[in-house]
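This report refers to the structure that appears directly beneath it.
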2 protein chains.
Amino acid sequence: MDMARTRSSDPYGSGAAAASAGTEGTTTADGRGRSRRGPRTASMADVARLAGVSSQTVSRVSNGYAGVNEETRRAVLAAMKELGYRPNSAARALKRGEFRTIGVITFTLATTGNVRTLEAIATSAAQEGYAVTLLPVAVPTQDEVRGAFSRLEELAVDAVIVIMEVHLLDAATITLPPHVQVVVVDSDAGDRYTVVDTDQAGGTRAAVQHLLDLGHDTVWHLAGPEDSFAAQRRTDAWRAVLTEAGRVPPPLIQGDWSTESGYRAGRELARRQDCTAVFVANDQMALGLQHALHEHGRRVPEDVSVVGFDDIPEAAHFSPPLTTVHQDFAKVGRLCVRAALRKVRGEGAERGTTLVPTRLVVRASTAPPRGAGAR
Amino acid sequence: MDMARTRSSDPYGSGAAAASAGTEGTTTADGRGRSRRGPRTASMADVARLAGVSSQTVSRVSNGYAGVNEETRRAVLAAMKELGYRPNSAARALKRGEFRTIGVITFTLATTGNVRTLEAIATSAAQEGYAVTLLPVAVPTQDEVRGAFSRLEELAVDAVIVIMEVHLLDAATITLPPHVQVVVVDSDAGDRYTVVDTDQAGGTRAAVQHLLDLGHDTVWHLAGPEDSFAAQRRTDAWRAVLTEAGRVPPPLIQGDWSTESGYRAGRELARRQDCTAVFVANDQMALGLQHALHEHGRRVPEDVSVVGFDDIPEAAHFSPPLTTVHQDFAKVGRLCVRAALRKVRGEGAERGTTLVPTRLVVRASTAPPRGAGAR
DNA sequence: CAGTGTTATGTTTACGTAAACATCCTCTGA
DNA sequence: TCAGAGGATGTTTACGTAAACATAACACTG
């Protein structure tokens, strides 16, 4: 569509490499080249020779350009098949100046949100013909982040999606070469980057309001780590809703997204008889919290109501099933890829934040406080 | 070490690109090349010109070869910094014939095991200077798998790690070019591929034996999907242990790894009063199972003992905390990368299976059956 | 002080692809 | 019958890097 090309269905689709299938996995160095293993992979020149055409014609067939005689095309395809030809992506990338690859920098795959987003990104990217290269950052220090970016720059990548708190990014960004596009998830830096994020505030409002509507006097909050913008946004919104409703926000409790930290927080909260409702910043912590509450004889939801955030598939099977804020990770991933590719294609590198809406899923972990009937 | 090189600390480490930092994100096409965005990125030739040396000397500095005069080296480094030079990975890959990238084909990131393994792979690979390219397969059909491999072949990848059931791989493999190395997780095809896997049988034996030792007459089994080798292996081992102990294996219950399927299975099992112990093929299903049992008034572990598999971080906070088989995903990932790289480097492409041991973690979801004290 | 290394650097070339340009046909229409 | 228009194909070249092969300068040795 975009040129004079036909973009026919992938010519290397299936059944290639049959010719050399029986070749043993030779580990010796071959004639030319530097100690590469196995029989050298066929190049366009090889195909061209076999088909009796020029390598340019092979290129044309390979890229699906119109204007190749049907007979010639068939001959070339046959030669490709016989030799098990595959385009060399390095040469292609070098020539075209693009890699058809999106890099994803993420800090951890331990949180469901990151994983689900990553999966959606990979799927969307694949649909667009892009591959996804993963760049894990072991420790969330600026040095590490900078190192990741440094590696990424030498990496074959057209755009970068960062699933991470940006303030770690701030100092590191300066080393980014100007042609690499960045999209960020979980950030408030919409003025500097393109940001795609879940509507943290909206989700939080729904969650907290739900608890207030049930009749709870106030709502406690188990927050995510301080350095997460998502966590911070949820905390801010929680405080705002309570203040607007004329309630006094109880002291903030700090977690780190992990189930374990939820458990620790739960042990604290179980002691407080005045705590009847908790908004937890993610489902994993909510699980730990429920565990602790249960262990200390505080029943959910009779004694304490709990609302989570994420709606991981497991949440429906917690004890009790968790009321939580559903995030559309798939959509976040899709939008990230779309934004990244729009940037790559130069179709308006608009900055700003795109918010993906959330939805409150009410299950069995929330109920009116005891004595609410008396009101 | 491996050559006459010094492999000095990365010359592009930090603070590069400062010169062109202020450049607006120009979206126009530049002079040469095809409509690339932004100021063309500096090449070796540019650096060489600025530093007053040949590009080969730049190459030597870039790759940390010894035998470059200290003064020259400094001049080159300064020029690199000023121009914000980054090696072009496509050209590098083309020249060297390798991409420094490992491809990972996986079917889903919904199961903790896959994710944890992937994360470990990415981390190990990064340490070895390799990037990881993710190739999600949407639907587990042979066509899809073949498509993934087809894409992968054109992708910049030196080796492939497959986290998937191999029988899907069987028919698809034929299209793999001979120089791409494959390592498989979760397979019994050790004769054809290099396989790294958790010691499914050992873990299962420990789990089932633990339940028998507690005094249960027999142990039920909630299995993973039929097409998973890991699931199949666990099922086989479960049956073997029971048979060896002279017990009759109860009918098999089929799940699909998901919490939801565990819940459905749990509803079935809750009805059977003769079921006092269940070995569940993964923790996520165990969560659903516990939920269903609880919902139907069957207490864990008083009425029914449950053992899971995986030891996900959440398992310690289930209600009750889950007794489960701990898998060392990190080690699996590391071994995969090591095997893949050994193949890439041609250091013995040994086939065969490497097993990573497991460990039974006893928590609160298992107990003797009621009336066991009467024995 | 010619001979022989050694060290530092430059020149040529090839990796595989695809854009740009150049041919060479075969029609069409006046 | 031939100019001209297209269609089909070939030739040249460049992408950025790095191996292989020069070369030049210098320090020793006997």
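The analysis underlying the following values was restricted to heavy atoms, covering all of them including side chains, and did not include hydrogens, waters or symmetry mates.
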When you check the phosphate oxygens OP1 and OP2 of D/dT17, does a side-chain N or O of B/Arg96 lie under 4.0 Å from one of them?
-> no
In whole Å, what is the span from the CZ atom of B/Arg86 to the P atom of D/dC15?
-> 22 Å
Quick one: B/Asp46 CG to D/dC15 C1', roughly how many Å, whole number?
-> 13 Å
Does a nitrogen or oxygen in the side chain of A/Tyr65 sit under 4.0 Å from OP1 or OP2 of D/dT9?
-> no
Counting side-chain heavy atoms from CB outward, which of D/dA18, D/dT17, C/dA18 is closest to B/Asn88?
-> D/dT17
Which atom pair, heavy atoms only, marks the closest approach of A/Phe99 to A/Val157?
-> CD1-N, 3.3 Å
Can you check nucleotides 22-24 of chain D for protein contacts, nitrogen or oxygen pairs under 3.5 Å, and list what you find?
none

Pairwise N/O distances under 3.5 Å, protein to nucleotides 7-11 of chain C:
from   : atom 1 : to      : atom 2 : distance (Å)
C/dT9  : OP1    : B/Thr72 : OG1    : 2.3
C/dT9  : OP2    : B/Asn69 : N      : 2.7
C/dT9  : OP2    : B/Thr72 : OG1    : 3.3
C/dG10 : OP2    : B/Ser54 : N      : 2.8
C/dG10 : OP2    : B/Ser54 : OG     : 3.0
C/dG10 : OP2    : B/Thr57 : OG1    : 2.8
C/dG10 : N7     : B/Arg60 : NH2    : 2.9

Look at B/Glu128 together with B/Arg345 and state whether they make a salt bridge at an N to O cut-off of under 4.0 Å.
-> yes
Which heavy atom of B/Val344 sits nearest a heavy atom of B/Ala159, and at what distance?
-> CG2-CB, 3.7 Å
Is any side-chain heavy atom of A/Leu135 closer than 4.5 Å to a side-chain heavy atom of B/Val132?
-> no
Within this structure, what is the CE-to-P distance between B/Met80 and D/dT17, rounded to whole angstrom?
-> 9 Å
Are the side chains of A/Tyr85 and A/Met44 in touch, meaning some heavy atoms are under 4.5 Å apart?
-> yes
Out of D/dA18, C/dA18, C/dG16, which has the shortest distance to the side chain of B/Leu94?
-> C/dG16
Whole angstrom value for the distance that separates C1' of D/dG16 from CD of A/Glu98 = 17 Å
Do B/Arg86 and B/Thr41 have side chains that get closer than 4.5 Å, going by heavy atoms?
-> no
Rounded off to whole Å, could you give me the CZ-to-C1' distance for the B/Arg92 and D/dT17 pair?
-> 8 Å
Tell me: CE of A/Met44 to P of C/dC15, nearest whole Å?
-> 15 Å
Looking at B/Asn63, does any N or O in its side chain come under 4.0 Å of the phosphate oxygens OP1/OP2 on D/dA18?
-> yes
Specify the closest pair of heavy atoms between B/Arg92 and B/Ser62, including all atoms of both residues, with the distance to one decimal.
-> NH2-OG, 3.1 Å
Please output the side-chain donor-acceptor pairs of residues 47-58 of chain B that fall under 3.5 Å, not counting sequence neighbours, one pair per line with the distance.
from    : atom 1 : to      : atom 2 : distance (Å)
B/Arg49 : NH1    : B/Asp46 : OD1    : 3.3
B/Ser54 : OG     : B/Gln56 : N      : 3.4
B/Ser54 : OG     : B/Thr57 : N      : 3.4
B/Ser54 : OG     : B/Thr57 : OG1    : 3.4

Do side-chain atoms of B/Asp158 reach the backbone of B/Glu98 as a donor and acceptor pair under 3.5 angstrom?
-> no
